[in-house]
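Below is one structure, written out as structure tokens; comments come after it.
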Amino acid sequence: MKKLQTVRGTYDLYGDKKRAHNEIIKKASKVAQSFGFEEIETPIFEFTNVFARNLGETSDIVTKEMYCLEDRGGESLTLRPEGTAGVVRSYISEGMQQNLPVKLFYHGPMFRYERPQKGRQRQFTQFGMELIGVETPQADIEIIAAAYNFVNYLDLGGNVVVEINSLGDKESRDNYRDELVAYLKENLDGLSNDSKERLEKNPLRVLDSKDEKDKTIVENAPKFGDYLNAESKEFFKLVLEGLDRLNIEYKVNERLVRGLDYYDHTVFEITTDCLGAQGTVLAGGRYNGLVEQMGGAKTAGIGWACGIERLAMMLKEDIKKPVEAVIIPTGSDVMLEAMEVAYILRTSGIITEQSYTGNMKKRMIKADKMNAKYAIIIGADEVAKETVILKNLDEGTQKEVKVSELIKEIRG
RNA sequence: GCGAAUGUAGCUCAGUUGGUUAGAGCGUCGGUUUGUGGUACCGGAUGUCGCCGGUUCAAAUCCGGUCAUUCGCCCCA
């Protein structure tokens with residue numbers, strides 16, 4: 001440690017940015033609660049196996065992005081790289097299957113050892129929702145509707161698009177994968193080196209390659225939709241019908257896949273064009289196999305997570321520190337009286353600031369910069385009469401008000 | 001993990017072919033008759049020029065390394 005700085009890919013959250021984060025989390029929580037979800041907080045680290053066994057042995061997250069550490073007892077622990085595995089672990093360990101369905105939301109820091117960029121850091125914040133125990137398309141529709149409602153509830157600049165696809169059940173997915181691999185092997189020479197590697201590790205990823213040569217090959221590749229079996233097709237159809245019914249705009253993207261192994265059936269993303277290479281702002285999908293894979297009874301599940309930092313960067317306007325009133329004593333002789341009035345307001349829940357130094361003019365300037373609605377001026381004359389000058393800073397009007405009437409005046 | 005760019009006051013940046021005490025705007029602080037803002041004027045403060053090393057009589061300026069950031073790839077929220 002040579003210099004006082006945060007470690008690579010981490011940052012201090014304060015001021016405008018912290019307020020933006022709070023605002024987003026507040027709105028997301030409100031939406032989640034409207035949909036009947038409850039908050040859960042799980043530890044930010046788990047036994048390494050919780051992630052390593054379930055996200056996919058060959059996934060990038062597991063092979064090169066986890067922050068693993070050994071505790072003093074020799075246990076291998078990992079800072080959570082995502083939220084779902086921890087929530088599902090909790091679902092099993094806490095015996096929540098006694099009361100299905102389980103509807104949970106969470107938010108907090110996640111950790112991935114990645115190369116930092118705009119919209120990508122090593123410690124970042126996610127908000128997520130999980131709905132466990134519902135097999136029907138109702139769950140998909142509900143969870144996507146919540147995501148859609150939430151993103152639209154935020155005041156974002158730039159276009160946001162919901163993209164959706166179905167990976168089908170395991171049978172459909174395996175069939176498709178075999179066909180895709182066969183096709184890609186026929187065209188092996190035309191593929192980029194990255195895609196040759198993907199072919200080995202996660203063939204579906206070749207579908208959303210950005211390489212131009214790959215794109216032309218992918219154009220003619222077998223289509224996912226053609227390999228879904230009847231049940232999977234019907235399921236996806238019902239999900240889309242539900243979204244139509246709720247007037248949720250979406251775009252079916254047959255090349256949309258997921259990086260983590262546990263997804264099946266419905267997968268979806270909300271993307272934007274204003275964050276460079278980090279276009280995905282929210283992503284999720286169904287994970288009908290995960291609970292069983294982690295040792296619980298076979299139970300359906302679906303959820304999503306969004307990156308708070310990415311959303312915060314898209315917010316149209318800065319969130320200002322809220323101040324309703326600023327107390328301005330005319331001089332140090334009435335400082336105590338001014339503090340007393342401030343205390344009365346504060347204990348009534350009115351956000352009240354005070355100015356600490358300067359002449360009247362300076363104090364007024366500060367009140368103005370604080371964006372306060374009212375300046376409350378107190379001098380010796382007012383103290384004698386048990387009044388204050390209540391000045392509306394938006395309108396520029398002011399009047400003398402009894403201290404005992406002050407709260408009523410402000411609250412209107 | 002790969003490729004490229006950048007790094008000067010709190011912020012945004014200027015700094016000519018290396019040459020005295022490194023600048024501007026914004027912000028901040030103080031003042032302009034010690035009771036009134038959002039649109040005035042005057043003045044002040046602040047920088048180990050990211051860090052370490054090298055070349056040179058002399059480096060913010062050239063070279064190497066390092067750290068951090070940004071862009072693209074990989075991947076992902």
Side-chain angles (χ1 to χ4, degrees), chain A residues 1-11 15-16 24 55-56 58-65 81-84 107 109-128 147 151 192-195 197-198 201-202 205 208-211 214 257-260 269-272 275-284 304-314 326 328-334 355 357-382 388-398:
Chain A
M1 187 162 56
K2 300 171 201 80
K3 204 181 151 188
L4 281 179
Q5 59 183 30
T6 62
V7 321
R8 183 175 216 190
T10 68
Y11 59 97
D16 290 346
I24 291 167
L55 306 189
T58 59
S59 70
D60 276 45
I61 288 184
V62 172
T63 55
K64 55 186 197 192
E65 294 179 359
E82 59 98 54
T84 302
H107 56 88
M110 307 292 164
F111 306 83
R112 292 182 198 173
Y113 190 83
E114 289 192 281
R115 187 78 175 262
Q117 274 181 43
K118 183 180 188 175
R120 172 195 291 178
Q121 39 277 130
R122 289 182 172 179
Q123 176 179 337
F124 60 104
T125 315
Q126 283 192 337
F127 180 98
V151 171
S192 66
N193 288 334
D194 282 333
S195 283
E197 209 169 303
R198 291 186 185 108
K201 284 163 63 176
N202 189 350
R205 287 241 79 104
D208 62 355
S209 170
K210 286 170 195 158
D211 185 275
D214 291 348
V257 294
R258 302 271 66 184
L260 306 180
E269 282 187 6
I270 295 182
T271 57
T272 173
L275 249 39
Q278 276 66 245
T280 302
V281 133
L282 180 152
W304 55 258
C306 65
I308 303 295
E309 285 80 1
R310 289 186 184 178
L311 288 167
M313 279 189 286
M314 294 177 64
V326 180
I328 299 180
T330 58
S332 55
D333 54 323
V334 292
S355 55
T357 58
N359 56 26
M360 276 260 346
K361 190 177 179 101
K362 292 291 180 198
R363 290 175 192 242
M364 286 299 289
I365 291 171
K366 273 184 194 156
D368 188 52
K369 282 184 181 155
M370 280 191 251
N371 225 0
K373 182 163 186 202
Y374 294 106
I376 294 169
I377 299 159
I378 301 174
D381 298 347
E382 287 76 21
V388 297
I389 305 294
L390 180 64
K391 176 158 187 170
N392 184 319
L393 291 171
D394 297 333
E395 293 165 12
T397 56
Q398 68 180 50

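The structure presented is a predicted model; accordingly, all values stated were derived computationally and were not measured. Below, read A as the first sequence line, B as the second, and so on, with proteins coming before strands; counting in each chain starts at 1.
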Are the side chains of [Y] and [X] in contact, using a 4.5 Å heavy-atom criterion?
X: A/Phe127; Y: A/Trp304; result: yes
X: A/Ser209; Y: A/Arg198; result: yes
X: A/His107; Y: A/Ile308; result: no
X: A/Ile328; Y: A/Lys366; result: no
X: A/Arg115; Y: A/Arg8; result: yes

- When you match A/Thr397 and A/Arg115 each to their closest nucleotide on RNA chain B, which lands nearer the 5' end?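 Mapping each residue to its closest nucleotide by heavy atoms, the 5'-most match is A/Arg115.
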- Task: Could you say whether A/Thr10 or A/Lys64 is positioned toward the 5' end of RNA chain B, judged by the nucleotide with the nearest heavy atom to each?
- Result: A/Thr10
Rounded to whole angstrom units, what separation is found between the [atom1] atom of [X] and the [atom2] atom of [N]?
X: A/Lys118; N: B/C73; atom1: NZ; atom2: C1'; answer: 18 Å
X: A/Asp60; N: B/A77; atom1: CG; atom2: P; answer: 11 Å
X: A/Asn193; N: B/C74; atom1: CG; atom2: P; answer: 12 Å
X: A/Met313; N: B/U70; atom1: CE; atom2: C1'; answer: 12 Å
X: A/Ile376; N: B/G37; atom1: CD1; atom2: P; answer: 18 Å
X: A/Leu390; N: B/U36; atom1: CG; atom2: C1'; answer: 13 Å
X: A/Glu114; N: B/G72; atom1: CD; atom2: C1'; answer: 15 Å

Span that lies between the [atom1] atom of [M] and that of [N], in whole angstrom:
N: B/G3; M: B/C74; atom1: C1'; value: 12 Å
N: B/G10; M: B/U28; atom1: P; value: 15 Å
N: B/A24; M: B/C67; atom1: P; value: 35 Å
N: B/U8; M: B/U48; atom1: P; value: 11 Å
N: B/U69; M: B/G50; atom1: C1'; value: 11 Å
N: B/C26; M: B/U70; atom1: P; value: 28 Å
N: B/A4; M: B/C41; atom1: P; value: 50 Å
N: B/G19; M: B/A60; atom1: P; value: 9 Å

What does [X] touch in the nucleic acid at a heavy-atom separation under 4.0 angstrom: a base, only the sugar-phosphate, or nothing?
X: A/Glu309; value: nothing
X: A/Leu393; value: base
X: A/Arg112; value: base
X: A/Gly128; value: nothing
X: A/Arg122; value: nothing
X: A/Ala367; value: nothing
X: A/Gly9; value: sugar-phosphate
X: A/Gly358; value: nothing
X: A/Ile365; value: sugar-phosphate
X: A/Thr357; value: sugar-phosphate
X: A/Asp381; value: base
X: A/Gln121; value: base

Which nucleotide in the list [options] gets nearest to the side chain of [X]?
X: A/Ile389; options: B/G35, B/C71, B/A77; value: B/G35
X: A/Gln5; options: B/G37, B/G35, B/A68; value: B/A68
X: A/Lys210; options: B/A77, B/C74, B/U36; value: B/C74
X: A/Pro116; options: B/C75, B/A77, B/U69; value: B/U69
X: A/Glu65; options: B/C75, B/A77, B/G37; value: B/C75
X: A/Lys369; options: B/C71, B/U28, B/C73; value: B/U28
X: A/Asp194; options: B/C74, B/C76, B/G38; value: B/C74
X: A/Gln117; options: B/C29, B/G37, B/G72; value: B/G72
X: A/Arg120; options: B/G35, B/G37, B/C74; value: B/C74
X: A/Met360; options: B/U36, B/A77, B/G37; value: B/U36

In the structure shown, which nucleotide is the Watson-Crick or G-U wobble counterpart of [N], with both distances under 3.5 Å?
N: B/U20; result: none
N: B/A68; result: B/U6
N: B/A14; result: none
N: B/G43; result: B/C29

State whether the distance check finds a donor on one side and an acceptor on the other, under 3.5 Å, for side chain [X] versus base [N].
X: A/Arg8; N: B/C67; result: no
X: A/Gln398; N: B/G37; result: no
X: A/Lys391; N: B/U36; result: yes
X: A/Lys362; N: B/G37; result: no

- Message: I'd like to know whether A/Arg258 forms a salt bridge (Lys or Arg N to Asp or Glu O under 4.0 Å) with A/Glu269, so could you lay out the CA-CA distance, the side-chain angles of the two residues, the decisive distance to 0.1 Å, and finally the verdict.
- Response: CA-CA 10 Å; A/Arg258 302 271 66 184; A/Glu269 282 187 6; 2.4 Å; yes
- Task: Evaluate side chain to side chain contact (heavy atoms under 4.5 Å, CB included) for A/Asp211 paired with A/Ser195, printing each intermediate quantity in order.
- Result: CA-CA 9 Å; A/Asp211 185 275; A/Ser195 283; 5.7 Å; no
- Task: Work out which heavy atom in A/Tyr374 is nearest to a heavy atom in A/Leu393; give both atom names and the distance.
- Result: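 A/Tyr374 and A/Leu393 have their closest heavy atoms at C-CD1, 4.0 Å.
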- Any chance you could lay out the side chain to side chain contact (heavy atoms under 4.5 Å, CB included) test for A/Glu309 and A/Arg120, step after step, and finish with the verdict? CA-CA 8 Å; A/Glu309 285 80 1; A/Arg120 172 195 291 178; over 6 Å; no
